[in-house]
Amino acid sequence: MNIGYGNVVAAGRIVAVMSPDSAPMKRLKDDAREHRKLVDATQGRRTRSILVTDTDHVILSALSAETIAERLGDGSAVAKSNQEGE
């Protein structure tokens with residue numbers, strides 16, 4: 001799956017796609033960097049989403065979490081269930 005600017009990730013390995021703005025996500029990013037499990041795929045641009053894989057790697061992307069979720073194929077289902085309050 002394309003995560004922006006020519007970078008590709010195996011979609012089956014992605015466990016979570018999150019927004020990078022909260023303090024816990026910043027700690028997750030720092031911990032991944034410390035354990036050498038951080039992959040920066042932003043090409044020098046602003047981080048707009050954080051992907052976590054089943055191998056505990058943390059991938060930074062310049063694409064929004066919504067865009068990545070749509071590319072995974074379940075973005076509309078997630079947005080629809082959130083609107084319905086499920």
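Count residues from 1 along the sequence. Since the model is a prediction, treat every value here as computed from it, not as a measurement. All values below were derived from every heavy atom in this structure, side-chain atoms included, with hydrogens, water molecules and symmetry-related copies excluded.
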For this session: Group every Ile, Leu, Val, Met, Phe, Trp and Tyr by side-chain heavy-atom contacts under 4.5 Å, then state whether L60 and V52 land in the same group.
Result: yes
Exercise. Do I59 and T53 come close enough that some side-chain heavy atom pair is under 4.5 Å?
Worked result: yes
Exercise. Is V39 reachable from L28 through a run of hydrophobic residues whose side-chain heavy atoms are each under 4.5 Å from the next?
Worked result: no
For this session: Give, for atom NZ of K29 and atom CG of D40, the distance between the pair rounded to the nearest 0.5 Å.
Result: 8.5 Å
Exercise. Do V58 and I50 touch side chain to side chain, with heavy atoms closer than 4.5 Å?
Worked result: yes
Exercise. Looking at CG of L51 and CD1 of I3, how far apart are the two atoms once the value is rounded to the nearest 0.5 Å?
Worked result: 6.0 Å
Seminar exercise, completed: Rounded to the nearest 0.5 Å, the CG atom of N7 sits from the CG atom of L63 at a distance of 9.0 Å
For this session: Measure across T67 and S64 and return the closest heavy-atom pair with its distance rounded to 0.1 Å.
Result: OG1-OG, 2.9 Å
For this session: For K37 and T55, indicate whether the former's side chain and the latter's backbone hold a donor-acceptor pair under 3.5 Å.
Result: yes
Exercise. Would you say L38 and H57 make side-chain contact, with heavy atoms under 4.5 Å?
Worked result: no
Sequence neighbours left out, cut at 3.5 Å: what donor-acceptor pairs do the side chains of residues 13-26 make with other protein atoms?
residue: R13; atom: NH1; partner: D54; partner atom: OD1; Å: 3.2
residue: R13; atom: NH1; partner: D54; partner atom: OD2; Å: 3.3
residue: S19; atom: OG; partner: D21; partner atom: OD2; Å: 3.3
residue: S22; atom: OG; partner: M25; partner atom: N; Å: 3.4

Seminar exercise, completed: Hits for side-chain hydrogen bond (donor to acceptor under 3.5 Å, both in side chains) against D30, two or more places apart or cross-chain, chain-then-number order -> none
For this session: Report the distance from atom OG of S61 to atom CZ of R46, rounding to the nearest 0.5 Å.
Result: 12.0 Å
